[in-house]
Number of protein chains: 2
Amino acid sequence: MKTSDYKKKIKEAGLRITPQRIAVMEALLRNSHPTAEKIIENVQKEHPNIAIGTIYNILDTFVRLNIITRVNTENSVTRFDPVTERHHHLYAVDIKEIEDYYDDKLTKLILDHLKKCNIPDFKVKDFKLQLIGEFIGKKEK
Amino acid sequence: MKTSDYKKKIKEAGLRITPQRIAVMEALLRNSHPTAEKIIENVQKEHPNIAIGTIYNILDTFVRLNIITRVNTENSVTRFDPVTERHHHLYAVDIKEIEDYYDDKLTKLILDHLKKCNIPDFKVKDFKLQLIGEFIGKKEK
DNA sequence: ATTCGTGCAAACCGTTTGCAAGGGA
DNA sequence: TCCCTTGCAAACGGTTTGCACGAAT
């Protein structure tokens with residue numbers, strides 16, 4: 001995502017472009033599905049004067065305006081994802097790591113199935129697949 | 001689930017059957033994917049003397065021993081599920097409600113797809129599908 | 001001038017922890 | 001007796017809130 005892209009996204013949501021929001025967004029883009037804690041650490045490394053409350057505030061605003069999304073994890077640690085388009089997630093069993101997983105064929109497969117066999121009393125608007133497992137091989141960082 | 005079933009489950013996990021554990025388990029079975037708060041409220045209605053810490057303790061133990069599972073939600077409220085077999089979930093968009101959704105055909109569809117088109121550097125051990133949408137029609141309570 | 005956004009710090013609240021007492025096996 | 005389990009209460013930690021100041025329109 002180019003810098004101008006997310007700035008546009010913020011502006012289109014009716015928000016002002018501020019150094020704080022830029023810093024938060026860049027922390028989101030630099031990390032993979034970061035926790036709030038990670039974002040705070042990341043932001044404050046370069047901008048020690050940005051308040052924690054402000055960062056939470058910005059994250060809330062972004063989520064509310066669909067600029068980013070919350071990611072579900074089992075251990076009640078909130079994570080954030082700057083990608084709002086439909087995609088799936090790979091979860092390391094210990095949930096130390098989450099990666100994006102794009103698979104249009106699979107998405108279509110599920111979509112078709114859901115369309116065919118209607119679920120009674122429930123109207124599906126979106127779906128997310130969580131693949132839980134282990135990352136194998138190369139592991140930097 | 002019959003009473004004896006979960007008692008057996010608890011015993012087989014190497015735990016003693018205690019009134020506290022029975023109360024927690026029955027609260028789990030009486031409610032659909034309850035939050036800890038809901039469970040506490042439910043348990044204390046009949047057993048006002050059971051401590052909150054004990055309830056959290058029991059829930060943790062149950063999860064650790066795979067007697068129940070944690071359910072992911074986006075708003076960082078932990079929910080619990082006494083069903084440990086593979087199944088999917090229907091999420092109300094506002095996450096006020098979660099229902100179980102069994103669909104073996106869909107499960108198999110996904111399983112087959114995953115088997116066929118291997119994901120590089122990742123070994124899938126389990127998966128969960130979250131269907132987000134709206135419950136329509138009948139709605140008591 | 002008015003609205004929006006930020007910094008700061010206190011408050012909040014769900015959850016965890018430590019410890020002493022109770023109760024089965 | 002020994003170990004598991006509970007009750008209690010204090011502590012913890014991530015998140016939220018209130019408010020006054022500052023910046024943008």
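Chain identifiers are assigned alphabetically (A, B, ...) following the order of the sequence lines, protein sequences preceding nucleic acid strands; residue numbering begins at 1 within each chain.
Under the 3.5 Å distance criterion, the side-chain polar atoms of A:Arg21 are matched with a main-chain donor or acceptor of A:Arg16. Side-chain atoms of A:Arg79 come within 3.5 Å of backbone N or O of A:His33 as a donor-acceptor pair.
A salt bridge does not link A:Lys116 with A:Asp112: every distance from a Lys NZ or Arg NE/NH1/NH2 to an Asp or Glu carboxylate oxygen is 4.0 Å or more.
Here A:His87 pairs with A:His89, A:Tyr102 under the ring pair (Phe, Tyr, Trp, His ring centres under 6.0 Å) rule; sequence neighbours left out.
The NE2-P distance, from A:His47 to C:dG7, rounds to 11 Å in whole Å. One interatomic measurement links the two molecules: CD1 of B:Ile22 to C1' of D:dT6, which rounds to 15 Å at whole-angstrom precision. In this structure, NZ of B:Lys11 is placed 12 Å from P of D:dT5, rounded to the nearest angstrom. In this structure, A:Ile10 places its CD1 atom 17 Å from P of C:dC4, rounding to the nearest Å. Between B:Arg79 atom CZ and C:dT15 atom P there is a gap of 12 Å when expressed in whole angstrom units. Nucleotide D:dA24 holds its C1' atom 13 Å from the CD1 atom of A:Ile17, rounded to whole Å. Distance B:Phe62 CZ to D:dC4 C1': 14 Å, rounded to the nearest Å. Distance, B:Leu59 CG to C:dG14 P: 15 Å, rounded to whole Å.
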In B/S/- notation (B base, S sugar-phosphate only, - none; protein heavy atoms under 4.0 Å), nucleotides 18-23 of chain D written 5' to 3' is ------
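The side-chain heavy atoms of A:Ile58 and A:Gln20, taken from C-beta on, include a pair separated by under 4.5 Å. Considering only heavy atoms from C-beta on, B:His88 comes within 4.5 Å of B:Thr107 through its side chain.
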Let's go through A:Tyr91 and A:Glu97 carefully: what are the C-alpha distance in whole Å and the side-chain angles of both, what is the deciding distance for side chain to side chain donor-acceptor pair (under 3.5 Å) to 0.1 Å, and is it a yes or a no? CA-CA 6 Å; A:Tyr91 288 69; A:Glu97 246 180 309; over 6 Å; no
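Distance check, rounded to the nearest 0.5 Å: CD1 of A:Ile17 to CE of A:Met25 gives 9.5 Å.
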Please list, for nucleotides 8-14 of chain D, all pairs of protein and nucleotide N/O atoms separated by less than 3.5 Å.
none

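Paired with B:Val24 under the rule side chain to side chain contact (heavy atoms under 4.5 Å, CB included), one option of B:Val43, B:Thr18, B:Leu29 passes, and it is B:Val43.
Close to D:dT6, at under 4.0 Å from its OP1 or OP2, lies a side-chain N or O of B:Thr18.
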